[in-house]
Amino acid sequence: KQLSEARKQGDLSENADYDAAKTEAEKIAREIDAIQDLLNNVEVVEYDEKKRNTIDFGATVSIKRLNTGKEEQYTIVGTDEVKPFEHQISLESPLGRALKDHKVGDVVEVEAPTPYKVEVVSIKGSDK
């Protein structure tokens, strides 16, 4: 619609509205392509009842940092959903890799520039 309106203004060679609308249309086309690519490569992850009490994708985990005693809660999400400031981490992160397949009570060492240990306090499974 913006392109159509801008075309009505006449000479396109020096039409700032047309240039802005064209740039926006190209941006939207790239976003559509990226979303389509995600949809074409989506994989449904089935819930494994045998792993019900272990940490995996979709779990919300409470941990206690052993060096400070501080408790924190994280949700394990896909790499494209990561929001570290909202405590949503990927299984690919150092903490996510360390926690994967562990159970409540396990003490886990996290490989980071300064390694640290955490204890798994609780696990809530995926809501799905």
Side-chain angles (χ1 to χ4, degrees):
K1 182 177 175 181
Q2 289 174 334
L3 278 172
S4 177
E5 292 296 321
R7 280 190 190 112
K8 291 178 185 177
Q9 294 178 14
D11 184 13
L12 299 180
S13 64
E14 294 184 23
N15 186 328
D17 289 341
Y18 177 78
D19 289 340
K22 186 176 176 185
T23 300
E24 182 67 16
E26 290 168 353
K27 177 184 169 197
I28 291 169
R30 285 191 303 274
E31 290 174 359
I32 289 170
D33 288 344
I35 292 169
Q36 190 61 51
D37 188 48
L38 282 172
L39 291 173
N40 288 337
N41 294 299
V42 71
E43 178 182 343
V44 176
V45 178
E46 296 293 328
Y47 180 71
D48 186 350
E49 184 66 30
K50 294 177 207 161
K51 290 186 163 191
R52 188 170 64 119
N53 296 319
T54 62
I55 300 168
D56 206 344
F57 178 80
T60 298
V61 183
S62 292
I63 61 167
K64 179 170 67 173
R65 290 180 179 260
L66 297 183
N67 60 340
T68 63
K70 180 180 176 188
E71 285 198 25
E72 300 169 348
Q73 183 172 302
Y74 294 93
T75 300
I76 310 297
V77 298
T79 54
D80 58 335
E81 302 170 298
V82 170
K83 296 177 186 168
F85 294 111
E86 296 177 27
H87 291 251
Q88 296 178 356
I89 62 169
S90 165
L91 278 175
E92 303 300 318
S93 68
L95 180 57
R97 281 194 310 269
L99 292 173
K100 184 171 175 22
D101 295 329
H102 283 277
K103 298 179 180 181
V104 172
D106 286 356
V107 172
V108 179
E109 182 163 355
V110 180
E111 293 183 25
T114 302
Y116 60 96
K117 291 184 180 182
V118 299
E119 180 182 353
V120 179
V121 176
S122 70
I123 304 168
K124 296 177 196 167
S126 171
D127 293 336
K128 297 177 181 169

Practice item. To the nearest 0.5 Å, tell me how far R97 CZ sits from L91 CG. Key: 10.0 Å
Point to revise | Interatomic spacing from CD1 in I35 to CZ in R30 - rounded to 0.5 Å | key: 13.0 Å
Review point. Would you call I55 and D106 a side-chain contact if the rule is heavy atoms closer than 4.5 Å?
Key: no
Practice item. Would you sort out whether V120 and K103 count as a side-chain contact (heavy atoms from CB on, under 4.5 Å), showing the intermediate values? Key: CA-CA 7 Å; V120 179; K103 298 179 180 181; over 6 Å; no
Point to revise | E81 CD to I76 CD1 distance, which is reported to the nearest 0.5 Å | key: 12.0 Å
Exercise for review: For V104 and S122, work out which heavy atoms get closest and say how close.
Suggested key: CG2-CA, 3.8 Å
Point to revise | ILVMFWY cluster, F57 and L38 together (side-chain gap under 4.5 Å) | key: no
Point to revise | For the student: nearest non-hydrogen atoms of K100 and D56, plus distance | key: NZ-OD1, 3.3 Å
Point to revise | Distance-minimising heavy-atom pair for P115 and P113 | key: CD-O, 3.6 Å
Revision key, fill the gap. Heavy atoms of I89 and G96 approach each other most closely as CD1-N, 3.9 Å
Check your understanding: Do you know the tightest heavy-atom contact between E92 and T79?
Key -> CG-CG2, 3.7 Å
Point to revise | CD-CD distance between E31 and E26, expressed to the nearest 0.5 angstrom | key: 12.5 Å
Exercise for review: Report the residue from V107, L66, L99, V61 that forms a side chain to side chain contact (heavy atoms under 4.5 Å, CB included) with V118.
Suggested key: L99
Point to revise | Check: D33 main-chain N/O paired with D37 side-chain donor or acceptor under 3.5 Å | key: no
Check your understanding: Any idea which heavy atoms bring K64 and E71 closest together, and the distance?
Key -> CB-CG, 4.0 Å
Exercise for review: Decide whether L95 and I123 are clustered together by the hydrophobic rule: side chain heavy atoms of Ile, Leu, Val, Met, Phe, Trp, Tyr closer than 4.5 Å, transitively.
Suggested key: yes
Review point. Can you tell me how far the CD atom of E86 sits from the OG1 atom of T75, to the nearest 0.5 Å?
Key: 10.0 Å
Study note, to complete from the structure: Rounding to 0.5 Å, atoms CD1 (I63) and NZ (K117) come to a distance of 14.5 Å
**Study point:** Atom CD of E111 with >12 non-hydrogen neighbours under 6.0 angstrom
**Key:** no
